[in-house]
Protein chains: 2
Amino acid sequence: MVLDLMHDHDNLTENDCKMTVGIKDVARAAGVSVATVSRALGGGPVSEELRKKVEAAVAATGYLPNLSARRLRSQHSHTIGLIVSDIRNPFFTAVSRAVEDAAYAVGMRVILCNTDENPQKEAMYLRLMQEERVTGVIFAPTRATAQKLDPHQLGFPVVLIDRAAPPGQTDAVVLDNAEAASLLVEHLLAQGYRRIGGLFGNTSTTGAERHAGVVAAMQQHGLQAEARFIAPTPEAAEQAVRDWLREPVQPEALIASNGLVLLGMLRGARAAGVSIPAQLALAGFDNDNWTELAGPGLTVIEQPVYDIGRTAMKMLLERLEDPARSARKVVLSGRLIARGSTAQPIAAHAGQQGAEPR
Amino acid sequence: MVLDLMHDHDNLTENDCKMTVGIKDVARAAGVSVATVSRALGGGPVSEELRKKVEAAVAATGYLPNLSARRLRSQHSHTIGLIVSDIRNPFFTAVSRAVEDAAYAVGMRVILCNTDENPQKEAMYLRLMQEERVTGVIFAPTRATAQKLDPHQLGFPVVLIDRAAPPGQTDAVVLDNAEAASLLVEHLLAQGYRRIGGLFGNTSTTGAERHAGVVAAMQQHGLQAEARFIAPTPEAAEQAVRDWLREPVQPEALIASNGLVLLGMLRGARAAGVSIPAQLALAGFDNDNWTELAGPGLTVIEQPVYDIGRTAMKMLLERLEDPARSARKVVLSGRLIARGSTAQPIAAHAGQQGAEPR
DNA sequence: GATGGCATTGAAAACGATTACATAATTGCT
DNA sequence: AGCAATTATGTAATCGTTTTCAATGCCATC
């Protein structure tokens with residue numbers, strides 16, 4: 001009672017100049033201690049009676065918890081980092097959306113970082129994640145960084161997406177690149193193409209793995225694939241294709257190691273004036289919106305993009321529950337979507353069982 | 001000296017069990033006070049000599065600042081919120097990248113939120129922003145929320161993007177929708193189209209403004225436009241087009257109020273088997289990747305997407321510097337990119353100066 | 001030679017929450 | 001009835017910084 005009077009007095013002088021209402025003010029308004037307020041809000045052991053009082057006081061005062069203070073004291077940031085090369089790559093856009101949905105669903109925040117495939121930016125952002133004391137990180141590293149990545153050094157768990165690290169080191173969720181590449185190659189071979197080439201990104205393990213998969217699948221048929229490695233951008237891919245198509249010996253079909261490269265490929269082919277698939281077949285990864293609509297439709301491997309993000313988040317949460325468990329790699333399968341860009345070339349000319357296409 | 005010995009002893013017993021190294025440890029290692037370390041790190045007035053010592057101690061201890069603590073004490077979150085309907089919309093993807101670039105460049109973090117055009121989620125995320133004590137928010141609100149938005153109530157400045165609020169209330173950076181719509185209409189008319197319809201998103205002011213722009217431009221020529229309002233998704237747009245094309249009287253040209261709607265339109269037109277532009281011309285907003293490559297190429301208004309994000313961030317920073325200055329609305333111009341989807345329909349049949357096309 | 005101003009430094013308070021610990025009240029058990 | 005165990009609550013310490021405030025030393029000035 002005496003206390004209440006004192007506080008009322010305080011209110012008269014203080015209330016007007018107080019900028020933000022804190023847990024203290026709620027406690028005063030509810031006539032309880034700050035600890036009780038904290039417990040009521042955090043689901044601790046509080047009698048129903050006081051809980052009601054606190055809730056009323058919260059509503060009355062318009063209290064909003066200060067997440068920075070909460071994080072500092074509880075040593076729990078409820079924040080994860082998502083580090084990708086460029087959110088404008090539709091693959092990462094979709095993954096990002098899945099990660100964010102899953103994160104918000106369990107009350108976590110997401111900090112998104114774009115590295116532009118630049119190891120320096122990767123290092124900078126990893127450091128930033130440490131300063132943020134993030135709970136964990138979902139990361140699509142460049143090859144350079146993936147090799148020297150030591151998750152135990154970082155202080156938080158890491159789940160790799162799209163790109164793998166040395167086996168057994170880190171949790172990861174990736175596409176079965178060998179399988180996917182094989183699907184593409186087998187499809188192209190079945191359609192009658194033999195001289196198959198490819199453009200692969202040179203910054204990630206993914207580009208390398210998809211290349212290896214193509215090579216392996218071709219070898220099974222006693223064939224060779226000519227591969228070129230480029231920066232994984234539409235611009236680089238377009239230039240590479242234009243150059244390639246000016247050379248004396250040209251490919252019958254071209255495989256792109258991701259959506260951006262495929263986009264550049266198509267642009268390059270158009271610029272060179274070759275018709276698809278009559279003069280050149282095209283296939284690649286990522287079932288982006290435009291692939292269905294461009295030209296005759298582009299044959300692609302569809303990745304389970306949303307699943308990848310959701311699974312990555314799930315693995316991160318599992319890892320947090322059991323930091324000791326051994327590293328896992330989840331390998332998801334892609335689906336071949338055959339479209340006009342790899343239609344049978346011979347169909348345009350003659351019958352369909354030509355012995356030696358072109 | 002004596003102190004140093006003591007500290008060495010401390011290190012022996014403490015170092016092993018200390019989880020994280022804080023500013024205190026740095027101070028001890030450098031032989032200065034915590035205040036000096038803080039000042040050395042924050043650029044305060046510190047002698048060159050001590051600054052060196054502190055830097056050495058930071059390197060030696062592997063100190064990493066705790067951003068939560070910093071934010072709590074300094075009352076400055078260095079964080080902004082970016083609230084959009086769906087990051088998978090390429091328009092928002094691009095804007096988001098620009099915002100993030102600009103934010104990181106001035107040492108700020110970005111929290112990204114997807115509302116799915118759902119006012120409830122908008123309210124939830126705005127509240128979250130308050131709890132995060134964000135420095136400011138960049139927001140593309142639904143029409144419903146835009147109307148009842150009171151930035152003074154929120155406690156942080158807001159810059160609207162893509163969508164406007166009641167004039168004079170809030171900073172905003174938007175496209176000149178009337179001008180852009182007029183560009184599209186004039187182009188279609190010049191190409192010989194007369195019976196022009198449109199599909200417009202029904203959740204944002206943008207859809208409404210673009211509709212108004214089309215209507216106004218048509219009226220200038222004594223013509224009417226038939227408009228339909230739909231959820232701004234490819235699915236809704238596809239369905240709407242399929243329905244429309246089954247009706248007795250059909251449009252010669254269709255305008256889409258954004259990239260997603262345009263995408264659905266094209267799908268719907270394809271599904272209905274109409275050829276573009278011979279039977280139906282298509283035009284819309286957002287120069288997304290696929291619009292150049294799909295079918296004959298789609299005529300669109302290109303928005304300065306990166307500029308929009310960068311400008312929004314700039315306005316937010318200016319607003320932070322001068323909270324009192326009056327609200328500003330930056331209106332950027334779109335650029336018409338004419339492509340095959342609006343080629344002259346008569347060219348397909350006969351000469352090009354037909355009096356009454358179709 | 002005392003005084004005032006300036007620049008540098010340290011001690012301690014503060015930011016706004018959570019949580020360890022102590023206390024009081026209630027319950028269950030013998 | 002008495003004692004241990006359990007529960008609800010309050011007090012105070014704590015998280016890791018920044019910032020206020022006072023103290024120190026130095027120089028120039030009168």
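Chain identifiers are assigned alphabetically (A, B, ...) following the order of the sequence lines, protein sequences preceding nucleic acid strands; residue numbering begins at 1 within each chain.
Backbone-only contact: A:Leu50 has heavy atoms under 4.0 Å from sugar-phosphate atoms and none from a base.
Here the side chain of B:Val32 is nearest to one of D:dT9, C:dG10, C:dG16, namely C:dG10. Relative to the side chain of A:Pro45, the nucleotides C:dG10, D:dA8, C:dT8 differ in distance, and D:dA8 lies closest.
Remark: B:Thr20 is in phosphate contact with D:dG16, judged by side-chain N or O atoms under 4.0 Å from OP1 or OP2.
A salt bridge does not link A:Glu318 with A:Arg328: every distance from a Lys NZ or Arg NE/NH1/NH2 to an Asp or Glu carboxylate oxygen is 4.0 Å or more. Under a 4.0 Å N-O distance rule, the pair B:Glu55/B:Arg51 does not qualify as a salt bridge. Between A:Glu100 and B:Arg88 there is no salt bridge, since none of the side-chain N atoms of the basic residue sits less than 4.0 Å from a carboxylate O of the acidic one. Between B:Glu131 and A:Arg70 there is no salt bridge, since no side-chain N of the basic residue sits under 4.0 Å from a carboxylate O of the acidic one.
Around the NZ atom of A:Lys121, the shell of radius 6.0 Å holds more than 12 heavy atoms that belong to other residues, nucleotides or ligands.
We find that NE2 of B:His78 is positioned 13 Å from C1' of D:dT17, with the value rounded to whole Å. Taking atom NZ of B:Lys53 as the reference point, atom C1' of C:dT8 lies 14 Å away to the nearest angstrom. Look at CD on A:Glu48: it is 15 Å from C1' on D:dT7, rounded to the nearest Å.
Using modelled atom types, one finds no donor on one side chain facing an acceptor on the other under 3.5 Å when comparing B:Thr93 with B:Ser96.
Axis orientation changes by 50° from one end of the helix from C:dG1-D:dC30 to C:dT30-D:dA1 to the other, with each end axis drawn from 5 pairs and the value rounded to 10°.
Residues B:Thr115 and B:Tyr125 have side chains in contact (heavy-atom distance under 4.5 Å, counting atoms from C-beta outward).
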- What string of B, S and - do you get for nucleotides 17-24 of chain C, 5' to 3', if B is base contact, S is sugar-phosphate-only contact and - is no contact with any protein heavy atom under 4.0 Å? BBB-----

